[in-house]
2 protein chains.
Amino acid sequence: MAADQWLTQLQENGYRLTEARRIVVEAVEKSARALTPIEVYDIARKKYRALGLVTVYRTLEKLEELHLIQRVHQPLGCQAFISAGEGHQHLLLCQNCGQVAFFEGDDLDVLTESIAQKTGYQISEHWLQLFGLCANCRAD
Amino acid sequence: MAADQWLTQLQENGYRLTEARRIVVEAVEKSARALTPIEVYDIARKKYRALGLVTVYRTLEKLEELHLIQRVHQPLGCQAFISAGEGHQHLLLCQNCGQVAFFEGDDLDVLTESIAQKTGYQISEHWLQLFGLCANCRAD
DNA sequence: CACTTATTGAAAATGATTTTCATTATCAAA
DNA sequence: TTTGATAATGAAAATCATTTTCAATAAGTG
Ligand SMILES: [Mn+2]
Ligand SMILES: [Mn+2]
Ligand SMILES: [Zn+2]
Ligand SMILES: [Zn+2]
């Protein structure tokens, strides 16, 4: 999904289109790796010097609310965001450069059914995330 | 693994045994749900009034370093800890009361191999976590 | 253009975690 | 058992991320 569509989504949900939002959206949407609020701020401010960090926080909040971005949990921290996958997808992260790839097709039904049996839990959700080295980083 | 063994581990790694550590270890080891530093503090202080929050942080840090506890990531926050599973295990969390169950026996080899093929990543780790309702909370 | 009000950025407030430091407690060695 | 080196402690201060407050500004509707 392109940056323009994110802006349209914002507008359709009653939010105004502002320069600050345009720049933040562009920075996040373009990125192949998860970005923290400060990282977004630093990148975005290169195009729009007057931008405030508060506005980055507020914009990320709205993008998350509209499911356009998602929070990424990593061993070193859980404050970074990446554009959300479409449908049921999970993340694969490069431990060296942070590059994110999405994947789908995991089938945990047999497993969850078995665990449900053993534990007595009613299982309704799962988090799955893979870590490794991207093609580029493998080369080094 | 019992609290005594955690204390032994601490000692064997050159850390001294103190009253503060004993109390913190007991609180964390006993708990069936993940606890934040403040929660540990509140629980532990019932047995040892003079305990400082700083000491809770420092003790949790050491327990994590020795792999006796592990951080638990949840939608509402990622600062809670629970005793670490033994061997290759994953967590199943009750979305209502927070009760934690461990499970093992997931086999993601076929999946990761296939994803590795498609993406070019060399996959070395995975995070898997299940969410649902524990038997008690289902009853309500 | 005019008007309503959502949005903005600066500054202050908050909350969690870390650092500093003087005091105390642990434990190995005498 | 006593002694001594030093690891560990808790209070207070410092730091860092995030949220709130607020007056000024800009977006979008009519
Ligand atoms: Mn899945
Ligand atoms: Mn596994
Ligand atoms: Zn990489
Ligand atoms: Zn429950």
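By convention in this document, chain letters (A, B, ...) are assigned in the order of the sequence lines, proteins followed by strands, and residues within each chain are numbered from 1. It should be emphasised that the depicted structure is a prediction, and the values quoted were computed from it without experimental measurement. These numbers come from the heavy atoms of this one structure, side chains and all, not from hydrogens, waters or symmetry mates.
Rounded to whole Å, the distance from NZ on B/Lys62 to C1' on C/dT18 is 13 Å. Rounded to whole Å, the distance from CG on A/Leu60 to P on D/dT19 is 10 Å. Between the CG atom of A/Leu53 and the P atom of C/dA10 there is a distance of 10 Å, rounded to whole Å. We find that CZ of A/Arg22 is positioned 11 Å from P of C/dT8, with the value rounded to whole Å. In this structure, CD of A/Glu64 is placed 15 Å from C1' of D/dT19, rounded to the nearest angstrom. Distance A/Arg71 CZ to D/dA17 P: 14 Å, rounded to the nearest Å. What separates CG of A/Leu7 from P of D/dA27 is a distance of 13 Å, to the nearest Å. Between the CZ atom of B/Arg45 and the C1' atom of D/dG10 there is a distance of 12 Å, rounded to whole Å.
Listed nucleotides: D/dG10, D/dT18, D/dT6. Nearest to the side chain of B/Arg16: D/dT6. The nucleotide whose nearest atom lies closest to any side-chain atom of A/Arg58 is, among C/dT7, C/dC27, C/dT8, C/dT8. The A/Tyr57 side chain lies nearest to D/dT18 when the options are D/dG28, D/dT18, D/dT6.
With hydrogens and angles ignored, the 3.5 Å screen pairs no side-chain donor or acceptor of A/Gln70 with any backbone N or O of A/Glu64.
Across all strands shown, B/Gln79 has heavy atoms under 4.0 Å from sugar-phosphate atoms exclusively, and none from any base. Across all strands, B/Gln11 comes closer than 4.0 Å only to sugar-phosphate atoms, never to a base (heavy-atom distances). Counting any heavy atom pair closer than 4.0 Å across all strands shown, B/Tyr41 reaches no nucleic acid atom. Among the atoms of the strands shown, none is found under 4.0 Å from any heavy atom of A/Ile38.
Nucleotides of DNA chain C nearest to B/Val54 and B/Tyr15 differ in position, and the one nearer the 5' end is that of B/Val54.
Both the sub-6.0 Å distance and the 45° axial angle are not jointly satisfied by A/Lys118 relative to the ring of B/Phe103.
The phosphate of D/dT9 (OP1 or OP2) has a side-chain N or O of B/Arg21 nearer than 4.0 angstrom. Between D/dT9 and B/Thr18, a contact under 4.0 Å exists linking OP1 or OP2 to a side-chain N or O.
A salt bridge (Lys or Arg N to Asp or Glu O under 4.0 Å) with B/Glu19 is found for exactly one of B/Arg21, B/Arg16, B/Arg22, namely B/Arg22.
Ring geometry for B/His90 versus B/His126: interplanar angle of 30 to 60°, hence tilted.
Contact between B/Arg33 and B/Gly98 at its shortest, heavy atoms only, is CB-O, 3.3 Å.
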